[in-house]
Structures are given as C-alpha cells and as structure tokens.
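Note sheet for the following structure.
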Amino acid sequence: MQKLAIQGGISLRGDVRISGAKNAALPIMCASLLSADTLHLSNVPDLHDVVTMRKLLAQMGVNILVPQGDNVREGELSLHGAQIDKLEAPYDMVKTMRASVLVLGPLIARFGEARVSLPGGCAIGSRPVDQHIKGLQAMGAIISIEHGYIHAQVPQGGKLKGARILFDIVSVTGTENLMMAATLAKGITVLENAAREPEVVDLAHCLIAMGAKIIGAGSDTITITGVEKLHGASHRIMPDRIESGTFLVAAAATRGNIVLHDTRADILDTILEKLTEAGAKIRVGKDEIALTMQGALKSVNLRTAPYPAFPTDMQAQFMTLNTIADGSAMIVETIFENRFMHVQELRRLGAQIDIEGNTALVRGTPKLEGATVMATDLRASASLVIAGLVAEGETIIDRIYHLDRGYERIEAKLSQLGANIRRIK
Ligand code: EPZ
C-alpha cells in the first residue's frame with residue numbers, strides 16, 4: 001500500500017499544467033464502441049481509471065493503440081471499434097470503477113445487447129443506476145437484473161427507438177449513457193432534466209464529430225436524432241476543471257502564488273467566485289488562471305448542486321480551506337449521501353468540524369497539526385493532501401490509490417510548485 005509523506009508549511013509557487021479531464025475521457029473512450037472506425041483522442045490524462053477503461057474496452061475487442069516511438073506525445077490514444085466480440089463488462093472490472101456502466105448505452109445501441117455488472121456502491125454513496133435503466137427501457141430495451149448483472153436486449157435484434165425521457169434526478173453518467181444510446185436509435189430522443197456538466201458537452205462535441213446529430217448539450221434539454229452509423233473522428237479531451245480547482249484551493253490554503261496552464265476559466269465560475277470570497281486574487285487568461293493569496297483567509301459557505309452550481313467534487317477540498325480560515329462556514333452536500341468521509345480524517349489533524357445530516361459546520365482554527373490519515377475516496381484524498389500541505393510537521397496519507405485514480409502525477413506537480421511531498425512504499 002503506497003503512502004504520501006508531506007511536510008507542511010510551504011507556500012505553493014510557480015506554474016503547473018492541467019491534464020485532460022478524467023470525467024470527459026472516460027465516457028468519450030466508451031464512445032469508441034459506437035463506431036467501426038477509429039477514434040483518435042489527445043490530451044487523455046494518465047490516470048488509473050483511464051488504464052482500467054482501456055482494459056475494459058480491450059477485453060470487449062476494441063483495438064487500442066498508444067502511439068509509441070520517438071514522437072510520442074502525451075495523452076494520445078486511438079480506439080478502433082471494428083472487432084467487438086464481447087458485449088459484457090464483468091464484475092471484477094466494474095467494481096473498481098463505476099464509470100464502466102458507460103459501456104451499456106453504446107453496446108445496446110450498436111449491437112442490440114449488453115451485459116454489464118451492476119456497479120456496486122462506493123464510499124460516497126449507493127450510486128444507483130435506475131435512471132440509466134429507465135431511459136433505455138423507454139427506448140425499447142428489455143432489461144433484466146440477474147445475478148448482479150444488468151442484461152439489456154432489443155427484441156428481435158432490432159434497434160432502439162427514439163423516446164422522450166424525463167430524468168427524475170440530474171445524473172451526469174445517466175445523461176451520457178442515454179445520449180450515446182440515442183445517437184444510433186431510430187428517430188428522435190429528447191432528454192429532459194439532463195445534466196449540464198461541461199464533460200457532457202465535451203462528449204457531445206466528440207459524438208457530433210463522429211457524425212451524431214445532437215443539439216442542446218449543456219442545457220437541461222438535449223435532442224438527439226438517430227443516424228444509421230457513426231464514423232471515426234479526432235478529439236482533444238477538455239481540461240480537468242476539478243484538478244484545476246484542487247490546485248487553486250491548495251494555493252489559497254498555503255497562501256501561495258501559482259499559475260495554471262492549459263485550463264479553462266469559463267467552466268469554473270462558482271469555484272473562482274468562492275475563492276475570491278475567501279480572499280484570493282484571481283487573474284484569468286485564454287487558457288490560464290493565476291491565483292495569489294495574501295492576508296487573511298475567510299471562511300466560505302457552500303452548497304453543492306448540479307452544474308453550473310457548486311460541484312460536489314470540490315466540496316472536500318473547500319472544507320480543508322475552511323478548517324484554517326477565519327470564522328465559521330456551513331457546507332451542505334446535496335448530491336451524495338455519504339460524502340463527508342474526509343471529516344473524521346481532518347479532525348485527526350485538529351480540524352473543528354461538526355456534522356448534522358448532510359450539513360457540516362466548520363470552525364476555522366489557526367493551524368492544523370500533521371498526523372497519519374487515511375484516504376477513503378478520490379476527492380477526500382485531495383482534501384487530505386491540501387491539509388498536509390498546510391499542517392505543521394509531517395502528514396502521512398495512506399491508501400493513496402484513491403488519489404491515483406483521478407490525479408495525474410500529483411506529487412510531481414506539487415513538488416514542482418515547491419511542496420515537500422514524497423511517495424513512500
Ligand atoms: C459523475 O458521477 C462523476 N463521475 C462524479 O465524479 C461526480 O461526483 C458526479 O457525476 C456528480 O457530479 C463521472 O463522471 C465518471 P450522478 P455519476 O449520476 O454520474 C443519483 C469524481 O470524483 N442517481 O450525476 O455517477 C446518485 O446517487 C466522481 O470524479 C440516482 O439516484 O453521478 C447521486 O445522488 C465521483 N440514479 C445523484 O443522482 C441514477 O440512475 C448524482 O449522481 C443515477 C444517479
């Protein structure tokens with residue numbers, strides 16, 4: 001089990017390049033199942049979840065090429081979906097990565113059948129997929145749940161039919177799964193109460209480049225007109241807004257001065273607003289964001305909600321910021337039922353946090369003290385890294401495989417910004 005050792009008390013300074021977005025790369029890789037041609041991707045982040053998705057798609061028959069040779073450029077990946085010979089996502093792969101459920105829509109749309117293990121719950125919640133299933137049934141799929149697998153079929157080997165689907169709850173991968181399924185359905189599909197996340201828009205851009213007819217991505221109503229087939233395309237994965245937000249919070253917490261490169265400010269409005277409210281000075285360029293933090297750090301209240309409101313994936317990071325800010329703050333987590341796993345770990349570092357249901361009251365303290373803590377889920381791990389950067393003395397973070405799922409070479413990037421951080425076996 002690998003760990004991270006962090007010596008706190010250093011202000012982050014310098015430049016850092018933001019990687020491609022994990023939550024755009026994962027659905028876009030699944031889009032390769034929709035076509036017999038080749039999908040060329042660039043700016044794909046080097047993450048454990050991307051490796052898992054490559055293995056999952058390869059075992060279905062997708063031919064995956066990572067360009068080798070001397071001109072290899074970071075993050076290029078080609079996926080060729082001509083010889084798909086297995087329409088199944090097995091439990092042992094799905095259990096490690098819930099996003100595996102994103103093969104369901106493409107498989108049933110192109111091949112009329114799919115068997116996908118029910119993704120188990122995870123640390124942050126039960127994570128049901130009822131909206132995915134309801135939408136596919138509305139499009140004519142016959143779905144049965146047997147032995148922990150979702151078995152989906154279109155009768156008589158036919159095609160899915162376009163349908164009007166109203167989501168009971170905003171679901172990011174639910175929207176993505178059904179948008180992909182609808183690209184090859186007969187007729188028109190309208191997704192209402194759809195997720196508006198930028199990663200949904202990036203997937204739509206890739207599907208449109210492959211020949212799909214989609215309008216309204218980024219709004220809560222997406223209309224897809226089915227086509228006979230999709231062709232190959234090239235697509236550059238959008239920057240990771242959560243990695244961007246994580247580094248900005250780390251810079252604010254350590255009272256540093258950093259510049260993010262290859263990022264986008266237009267999809268970070270609520271995060272930049274909250275950081276400004278906390279006292280940071282922010283300057284944005286075409287694909288850069290600079291943050292300087294001097295003077296007092298002020299507590300900020302926040303309430304998570306679907307995009308464009310404050311993202312749940314940034315809740316844990318801002319909680320750490322609030323533990324060392326002046327004043328008290330209320331944090332309300334409305335998306336997942338158990339996304340406060342980082343609280344008991346932050347308390348070990350001296351944080352003053354009380355929880356009442358889905359609300360946390362964070363009282364700022366002058367400092368945190370280094371200790372040994374345990375990562376429980378991806379974004380909780382990030383909040384512990386930020387806490388380690390500001391705590392007095394050494395912090396050891398255990399189970400950092402959670403971190404490697406969603407952050408590319410985080411200790412290398414933080415060391416580049418001056419942090420005293422090293423990975424230990
Ligand atoms: C996506 O998960 C992201 N993952 C999550 O990021 C992110 O936290 C989440 O969206 C919310 O923004 C990927 O994109 C791969 P949801 P997803 O379906 O799609 C309930 C990270 O850290 N729900 O939008 O699984 C669900 O329980 C990860 O990178 C149903 O009830 O989330 C939750 O309460 C963590 N039925 C709410 O909706 C369903 O069929 C939002 O879930 C689907 C969801």
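Counting starts at 1 for both ligands and their atoms, in listed order. No experiment lies behind these values; they were computed from the predicted model shown.
In the vicinity of H132, heavy-atom distances shorter than 4.0 Å reach the ligand 1 atoms 40 (O). Close approach of ligand 1 to R98 is summarised as follows: ligand atoms under 4.0 Å from at least one heavy atom of the residue are 25 (O). The contact set between ligand 1 and K22, taken as ligand atoms under 4.0 Å from a residue heavy atom, comprises 21 (C), 29 (O). Contact atoms of ligand 1 toward R379: 21 (C), 22 (O), 29 (O) (distance under 4.0 Å to a heavy atom of the residue). Annotation for ligand 1: atoms under 4.0 Å from non-hydrogen atoms of V129 are 39 (C), 40 (O). The atoms of ligand 1 that sit less than 4.0 Å from any heavy atom of T312 are 8 (O), 11 (C), 12 (O).
Heavy atoms of other residues, nucleotides or ligands lying less than 6.0 angstrom from NZ of K229 number 12 at most. Taking a 6.0 Å sphere around NE2 of H48, one finds it holds 12 or fewer heavy atoms contributed by other residues, nucleotides or ligands.
By the 3.5 Å distance cut-off applied to N or O atoms, I335 is counted among the residues near ligand 1.
Across all their heavy atoms, F247 and I258 have their closest contact at O-CD1, 3.5 Å. The shortest heavy-atom contact between T183 and L207 is CG2-CD1, 4.2 Å.
The nearest non-hydrogen atom to atom 13 (C) of ligand 1, considering only D240, N23, T304, comes from N23. Taking only non-hydrogen atoms, the option from T173, D130, I242 nearest to atom 19 (O) of ligand 1 is T173. Across S100, P119, P128, heavy-atom proximity to atom 39 (C) of ligand 1 is greatest for P128.
Between Y149 and Y91, a ring centre-to-centre spacing not shorter than 6.0 Å is recorded.
Scanning the protein heavy atoms around atom 2 (O) of ligand 1, the nearest turns out to be R127 NH2, 3.5 Å. Atom 26 (C) of ligand 1 has as its closest protein heavy atom F336 CE2, 4.2 Å. Atom 18 (O) of ligand 1 has as its closest protein heavy atom S171 OG, 2.7 Å. Among all protein heavy atoms, the one lying closest to atom 20 (C) of ligand 1 is I169 CD1, 3.8 Å. Protein heavy atom closest to atom 6 (O) of ligand 1, with residue, atom name and distance, is D313 OD2, 3.1 Å.
Contacts between Q131 and ligand 1, counted as non-hydrogen atom pairs separated by less than 4.0 Å, involve both the backbone and the side chain. When heavy-atom distances to ligand 1 are checked against a 4.0 Å cut-off, R339 comes that close only through its side chain, counted from C-beta outward. Residue-level proximity to ligand 1 for E199 is absent, since no heavy atom of it falls below 4.0 angstrom. The backbone and the side chain of V172 each have at least one atom closer than 4.0 Å to an atom of ligand 1 (non-hydrogen atoms only).
Look at V170 and you'll find a heavy atom under 4.0 Å from some atom of ligand 1.
Remark: E333 does not engage R339 in a salt bridge, criterion side-chain N to carboxylate O under 4.0 Å. No salt bridge links R399 with D377; every basic N to acidic carboxylate O contact stays at or beyond 4.0 Å.
Counting only heavy atoms from C-beta outward, the side chains of I424 and I396 approach each other to under 4.5 Å. Contact of the Y407 side chain with the K22 side chain is not registered, since no non-hydrogen atoms from C-beta on lie closer than 4.5 Å. Between L361 and I331 the shortest side-chain heavy-atom distance does not fall below 4.5 Å.
Side-chain atoms of T304 never come within 3.5 Å of backbone atoms of F310 as a donor-acceptor pair (strictly under, hydrogens ignored).
In summary, the side chains of D37 and H80 do not present any donor paired with an acceptor at a separation below 3.5 Å, with no hydrogens or angles considered.
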